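Worksheet: the structure to be examined is printed underneath.
Whatever order the structure lists ligands and atoms in, that order sets their numbers, starting from 1. Bear in mind the structure is a predicted one, so any value in this text is a computation, not a measurement. Only this structure's heavy atoms are used, side chains among them; waters, hydrogens and symmetry mates stay out. Here, residue 1 is the first one in the sequence, and each next residue gets the next number.
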Amino acid sequence: MQLQPAFSSRALRVKASPASILSQRARELRAAGRDVIVLTSGDLDFPTPPHVVAAAHDAAVRGDTKYTNVDGTTELKDAIRRKFKLENGVEYSKAEIIVCNGSKQAMFNALLATLEPGDEVIIPAPYWVSYVDLVLLADGKPVIVHCAPDNGFRLRPTDLAKAVGLRSRWFILNHPTNPTGVVYTEAELRAFADVITPYPQLRIMADDLYEHLRFDGRPFCTFAQAAPQMKARTLTVNGVSKGYAMMGWRIGYAAGSPDLIGEMIKIQSQSTSGASSIAQAASVAALNGPDDFLRARAEILADRRNLITSLVQRAPGLSCERPEGTFYLYASCEGIIGKRTPNSRVITSDRDFASYLLEAENVAVFPGEDCGGSPYFRLSFACEKEMLREAGTRIIRACTALQ
Ligand code: PLP
């Protein structure tokens with residue numbers, strides 16, 4: 001018998017990011033000449049601000065092209081500390097900050113540094129699709145807490161209380177929330193803190209990546225700000241990807257207790273080392289530079305949100321609320337389940353619905369199942385209004401054609 005080279009159980013237990021698979025399928029259809037509107041992506045359509053690009057150029061010309069410290073340049077760590085102080089009212093020392101290749105790496109480092117096999121990580125659903133796989137890669141056990149649709153997908157302290165136990169090591173709290181757009185109030189964050197305070201072995205991972213993408217004047221509060229007594233147990237994760245439209249620059253960061261940050265730096269030193277020197281210089285310009293464009297961009301997004309929400313609400317069988325932040329709309333397709341397509345296929349799930357939309361009307365959306373919530377779907381409104389209007393028209397047509 002021929003022995004096959006084997007793959008680890010770790011590799012086999014995770015799946016490739018469904019978002020990238022879907023986007024690839026949509027790109028293939030496009031390449032084949034189909035007029036596909038892709039609403040699956042986590043990319044913003046805004047350009048990186050010119051002063052940020054200029055700073056990267058300057059850094060390259062200046063010769064900032066060497067390896068940096070694993071945990072980030074002094075300039076960037078100072079800019080991050082300043083950001084936390086001014087925007088969030090939370091102070092960190094340099095030893096409490098790490099710069100990573102995207103916030104995803106910060107989370108990965110933290111989970112690898114802390115989880116033993118079977119340790120539990122509490123993840124409210126609907127969730128960002130990668131949390132579950134990040135936990136599995138680090139040998140942890142995801143514990144999913146479903147946030148009730150009739151509570152606007154807001155996590156209730158009582159739901160959290162049912163999930164917390166002696167094996168809980170992390171509670172991942174993402175807001176503004178991908179995919180539902182929920183933005184928690186300070187009082188809600190305090191109520192979560194009350195639930196977890198009695199479990200000293202439990203840390204909080206506050207994923208604030210969409211902090212700047214909020215609508216209707218809704219304020220933002222980060223967990224360590226709402227519950228300062230929990231600061232030492234909180235890892236605050238953030239980055240420049242979404243706020244500054246710098247997805248491809250791959251700069252994220254985390255702030256937490258120096259012992260945890262130290263372990264994360266050690267792990268990063270043996271995997272990717274420091275982040276790109278050029279992208280770090282660009283991120284200094286982003287964090288220290290003007291911020292009026294952030295509000296202007298959030299207003300543009302709010303306007304698009306209003307448009308796509310009203311269109312999706314007109315589609316027979318679909319329903320949704322207006323998201324409070326992010327650039328995603330999370331809509332129910334419950335009223336579609338059981339209906340027949342014009343070529344007599346029965347739609348039994350949100351995945352079927354997403355396939356139908358793509359095949360029948362060339363609109364790519366993200367099935368809710370991949371975010372731990374069915375029958376829902378997520379669509380991104382990070383695209384021009386004209387395209388969004390066309391997408392909405394196609395979605396209405398596709399739903400109207402169902403029997
Ligand atoms: N957290 C959330 C909620 C996200 O949606 C994403 C990306 O889409 C990330 C983290 C990771 O972003 P990055 O690695 O670009 O910082």
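- By the 6.0 Å contact criterion, CD on E321 is open, its count of non-hydrogen atoms from other residues, nucleotides or ligands being 12 or less.
- Enumerated by chain and number, the residues approaching ligand 1 to less than 4.0 Å through a heavy atom are G102, S103, K104, M107, W128, Y131, N174, N178, D207, L209, Y210, S241, K242, R250.
- For Y376 and F153, the ring centers are positioned less than 6.0 Å apart.
- Between K15 and D133, at least one side-chain N (NZ, or NE/NH1/NH2) sits under 4.0 Å from a carboxylate O, which counts as a salt bridge.
- Looking at residues two or more places apart in sequence or on another chain, you find a side chain to side chain donor-acceptor pair (under 3.5 Å) between K266 and E263.
- Both tests pass for R378 against the ring of Y328: distance under 6.0 Å to the centre and angle within 45° of the axis.
- Electrostatic pairing of E361 and R397 counts as a salt bridge here, judged by a charged N lying under 4.0 Å from a carboxylate O.
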